[in-house]
Q: 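Dropping a structure here in structure tokens format, bear with me for questions.
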Amino acid sequence: MMNTNFYEQVYEIARLIPKGRVTSYGAIAKSLGAAKSSRMVGYAMRYAEAAHPKVPAHRVVNSSGLLTGKFHFNPPERMEEQLFNEGVVVKDNKVVNFKKVFWNPMEEIF
DNA sequence: ACATTGACCGCGT
DNA sequence: TACGCGGCCAATG
């Protein structure tokens with residue numbers, strides 16, 4: 001595939017997300033120094049399954065803790081299922097205790 | 001090369 | 001508090 005540096009950066013951060021934690025598109029974009037390119041992060045996630053090694057895209061949600069990208073999974077319920085399997089509870093399409101399970105990529109970079 | 005789109009974010013009403 | 005709208009940047013046709 002494209003092998004674009006931008007995508008690789010996004011995947012790299014996403015792979016650092018600890019099990020049982022989640023982060024937001026904006027946080028990843030910010031850690032890359034492109035806070036205004038948060039949309040690109042989500043866009044890149046569409047190709048996450050095509051990336052190697054595997055990228056835990058299910059641990060990435062929007063800034064509200066909403067699972068906006070669940071419909072891009074196969075099947076869509078797979079996202080909640082995997083999150084729940086890791087201890088992250090999803091209620092009404094959003095992550096419960098989002099602020100608590102939220103993981104800041106900046107901490108790992110620093 | 002131009003126009004459109006998108007797994008978002010933040011502000012304004 | 002809830003919904004709408006524009007902006008941002010890269011990829012795709």
Side-chain angles (χ1 to χ4, degrees):
Chain A
M1 286 296 290
M2 309 304 164
N3 291 348
T4 59
N5 201 338
F6 191 87
Y7 281 16
E8 280 300 320
Q9 293 277 7
V10 174
Y11 299 148
E12 187 124 353
I13 298 295
R15 284 193 280 256
L16 293 176
I17 305 174
K19 183 179 179 181
R21 296 288 176 118
V22 296
T23 190
S24 69
Y25 303 95
I28 295 178
K30 202 167 188 177
S31 66
L32 292 178
K36 301 176 181 184
S37 303
S38 52
R39 292 187 105 181
M40 299 305 102
V41 177
Y43 204 88
M45 279 309 176
R46 270 176 90 234
Y47 294 80
E49 52 182 337
H52 309 285
K54 194 184 176 187
V55 178
H58 61 278
R59 294 178 191 156
V60 184
V61 297
N62 74 349
S63 64
S64 303
L66 216 72
L67 275 61
T68 55
K70 68 181 270 186
F71 291 107
H72 289 257
F73 278 77
N74 177 29
E77 304 86 42
R78 189 62 186 249
M79 188 174 185
E80 298 182 18
E81 186 178 305
Q82 286 184 99
L83 285 174
F84 185 82
N85 199 3
E86 296 181 357
V88 179
V89 182
V90 176
K91 180 76 174 180
D92 195 39
N93 250 9
K94 79 181 182 200
V95 177
V96 179
N97 295 331
F98 176 59
K99 298 181 73 174
K100 294 201 172 186
V101 297
F102 179 79
W103 175 79
N104 194 338
M106 300 293 270
E107 297 178 358
E108 191 64 25
I109 293 178
F110 279 146

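Numbers restart at 1 for each chain; the letters A, B, ... are given by sequence-line order, proteins then strands. Everything numeric in this text was worked out from a predicted model, so none of it was measured.
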Q: What is the separation between atom CD1 on A:Ile28 and atom P on C:dC9, rounded to the nearest whole Å?
A: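 Taking CD1 of A:Ile28 and P of C:dC9, I get 18 Å after rounding.
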Q: Heavy atoms only, 4.0 Å cut-off, all strands: where does A:Ala57 land among base, sugar-phosphate and nothing?
A: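 Since a base atom lies under 4.0 Å of A:Ala57, the category is base.
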Q: Got a sec: does the CZ of A:Arg15 have more than 12 other heavy atoms crowding it under 6.0 Å?
A: yes
Q: Any side-chain N or O of A:Thr68 below 4.0 angstrom from OP1/OP2 of B:dC8?
A: yes
Q: Atom CZ of A:Phe98 to atom C1' of B:dC8: distance rounded to whole Å?
A: 12 Å
Q: C:dA10 P sits how many Å from A:Asn5 CG, rounded?
A: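 Result: 12 Å.
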Q: Can you tell me the distance, in whole Å, between the CZ atom of A:Arg39 and the P atom of C:dC9?
A: 12 Å
Q: Using atom NZ of A:Lys70 as one end and atom P of B:dC8 as the other, report the distance to the nearest whole Å.
A: 14 Å
Q: Quick one: the side chain of A:Tyr25 and the base of B:dA7, do they pair up donor-acceptor inside 3.5 Å?
A: yes
Q: May I have the distance from A:Arg46 (atom CZ) to C:dC9 (atom P), rounded to whole angstrom?
A: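 Roughly 21 Å, once rounded to whole Å.
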Q: Base, sugar-phosphate, or nothing for A:Phe73, non-hydrogen atoms under 4.0 angstrom?
A: base
Q: For a quick test of reading the model: is some side-chain N or O of A:Ser38 closer than 4.0 Å to OP1 or OP2 of B:dC9?
A: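 The answer is no; no side-chain N or O of A:Ser38 sits under 4.0 Å from OP1 or OP2.
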Q: Side-chain contact, heavy-atom cut-off 4.5 Å: A:Asn62 with A:Tyr25?
A: yes
Q: Could you check which of B:dG6, B:dA7, B:dC9 has an atom nearest any side-chain atom of A:Met45?
A: B:dA7
Q: Between A:Val55 and A:Val60, is there a side-chain heavy-atom distance shorter than 4.5 Å?
A: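 Not in contact.
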Q: Charged N to carboxylate O below 4.0 Å: is that the case for A:Glu86 and A:Arg21?
A: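 Salt bridge between A:Glu86 and A:Arg21, a charged N being under 4.0 Å from a carboxylate O: no.
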Q: Separation of A:Asn62 atom CG from B:dG6 atom P, in whole Å?
A: 17 Å
Q: Should the ring pair A:His58 and A:Phe73 be called parallel, tilted or perpendicular, given that the plane angle runs from 0 to 90° and is split at 30 and 60?
A: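 Rings of A:His58 and A:Phe73: perpendicular, as their planes differ by over 60°.
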Q: Go through B:dA7, C:dC9, C:dA11 for me and flag the one nearest to the A:Tyr7 side chain.
A: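 Among B:dA7, C:dC9, C:dA11, the one nearest the side chain of A:Tyr7 is C:dA11.
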Q: Could you state the atom-to-atom distance from NE2 of A:His58 to C1' of B:dA7 in whole Å?
A: 14 Å
